[in-house]
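Side-chain atoms are counted along with the backbone in the values below, which use heavy atoms only and exclude waters and symmetry mates.
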Amino acid sequence: QVQLVESGGGLVQPGGSLRLACQTSESIFNVESMGWARQAPGKQRELITTVDSSGRTLYADSVKGRFATSVDNAQKTMYLQMNSLKPEDTAVYYCYLHSNDVYWGQGTQVTVSS
């Protein structure tokens with residue numbers, strides 16, 4: 001069973017930044033895809049970033065230009081750098097990894113409020 005452990009969530013003011021980390025129990029080298037999704041209260045889960053097997057990254061329009069994903073294969077960790085945060089970014093953020101199956105982290109709360 002692949003395990004994903006997230007960290008870095010919390011409370012931040014509008015315009016601020018946060019960096020989320022997702023550590024994996026297995027190697028993330030040459031996985032089919034990996035990335036991040038979020039779910040705001042009362043809404044469906046939204047895929048916001050995807051990194052494919054070639055290392056190419058796609059971003060949802062809602063976060064494009066503000067968020068960036070990076071991967072550290074040696075440390076088995078992927079990151080989500082979030083800048084210029086807005087109140088509408090408030091959600092539970094999940095990382096995922098697609099290898100033999102699709103695995104999800106437990107989620108970490110990000111709250112953007114003054």
Side-chain angles (χ1 to χ4, degrees):
Q1 180 71 38
V2 175
Q3 293 182 324
L4 309 177
V5 181
E6 301 169 350
S7 62
L11 176 65
V12 65
Q13 292 185 328
S17 298
L18 282 175
R19 190 190 192 201
L20 306 183
C22 176
Q23 294 181 298
T24 68
S25 61
E26 304 290 335
S27 174
I28 56 176
F29 184 69
N30 283 340
V31 299
E32 292 191 32
S33 66
M34 52 193 161
W36 297 84
R38 66 185 182 185
Q39 187 167 21
K43 298 184 178 180
Q44 298 295 311
R45 188 170 298 187
E46 175 192 18
L47 185 67
I48 56 174
T49 71
T50 298
V51 182
D52 67 18
S53 59
S54 298
R56 293 173 295 183
T57 304
L58 300 177
Y59 297 93
D61 288 340
S62 58
V63 305
K64 191 175 298 182
R66 299 187 297 119
F67 292 8
T69 297
S70 60
V71 178
D72 188 328
N73 290 315
Q75 296 185 352
K76 302 179 181 179
T77 304
M78 56 179 166
Y79 300 93
L80 181 65
Q81 178 67 47
M82 305 185 295
N83 300 319
S84 302
L85 284 163
K86 306 173 180 179
E88 51 263 44
D89 294 319
T90 296
V92 178
Y93 284 72
Y94 302 87
C95 60
Y96 78 89
L97 186 151
H98 183 194
S99 55
N100 295 327
D101 203 348
V102 179
Y103 303 93
W104 293 91
Q106 79 286 352
T108 184
Q109 177 71 47
V110 173
T111 302
V112 185
S113 176
S114 60

Item to check | Residues which pass side chain to side chain donor-acceptor pair (under 3.5 Å) with Lys76, listed by chain and number, not counting sequence neighbours | outcome: none
Checklist entry - Within a radius of less than 6.0 Å around CD of Glu88, do more than 12 heavy atoms belonging to other residues, nucleotides or ligands occur? => result yes
Checklist entry - Can you tell if the side chain of Leu11 reaches within under 4.5 Å of the side chain of Val110, non-hydrogen atoms only? => result no
Checklist entry - side-chain hydrogen bond (donor to acceptor under 3.5 Å, both in side chains): which pairs involve residues 101-113, sequence neighbours left out? => result Gln109-Thr111
Item to check | Residues forming a side-chain contact (heavy atoms from CB on, under 4.5 Å) with Leu58, sequence neighbours excluded | outcome: none
Item to check | Donor-acceptor contact below 3.5 Å, side chain Arg38 vs main chain Glu46 | outcome: no
Checklist entry - Is there any side-chain hydrogen bond (donor to acceptor under 3.5 Å, both in side chains) pair reaching into residues 7-27, and which pairs are they, with sequence neighbours excluded? => result Ser17-Asn83
Checklist entry - Where do Ser99 and Leu97 land on the side chain to side chain contact (heavy atoms under 4.5 Å, CB included) test, with the steps shown first? => result CA-CA 6 Å; Ser99 55; Leu97 186 151; 3.7 Å; yes
Item to check | From CA spacing to verdict: side chain to side chain contact (heavy atoms under 4.5 Å, CB included), Val112, Lys86 | outcome: CA-CA 6 Å; Val112 185; Lys86 306 173 180 179; 5.5 Å; no
Checklist entry - Do you reckon Tyr94 sits in the same ILVMFWY cluster as Leu85, going by side-chain contacts under 4.5 Å, direct or chained? => result no
Checklist entry - Do Glu6 and Trp36 have side chains that get closer than 4.5 Å, going by heavy atoms? => result yes
Item to check | Side-chain H-bond candidate by donor/acceptor type, Ser33 with Thr50, under 3.5 Å | outcome: no
Item to check | Steps toward side chain to side chain contact (heavy atoms under 4.5 Å, CB included) verdict (Val2, Asn100) | outcome: CA-CA 10 Å; Val2 175; Asn100 295 327; over 6 Å; no
Item to check | side chain to side chain contact (heavy atoms under 4.5 Å, CB included) between Asp52 and Thr57, worked out | outcome: CA-CA 7 Å; Asp52 67 18; Thr57 304; over 6 Å; no
Item to check | Sequence-distant partners of Glu32, side-chain contact (heavy atoms from CB on, under 4.5 Å), two or more places apart | outcome: His98
Checklist outcome for this item: For Ala68, the side-chain contact (heavy atoms from CB on, under 4.5 Å) test, sequence neighbours excluded, returns Tyr59
Checklist entry - Is Tyr79 close to Leu20 at the side-chain level, that is, under 4.5 Å between some pair of heavy atoms? => result no
Item to check | Contact summary for Pro14 and Ser114, nearest pair of heavy atoms | outcome: CD-N, 3.7 Å
Next on the checklist: Using a strict threshold of under 4.0 Å (side-chain N to carboxylate O), is an ion pair present between Lys64 and Asp61?
Outcome noted: yes
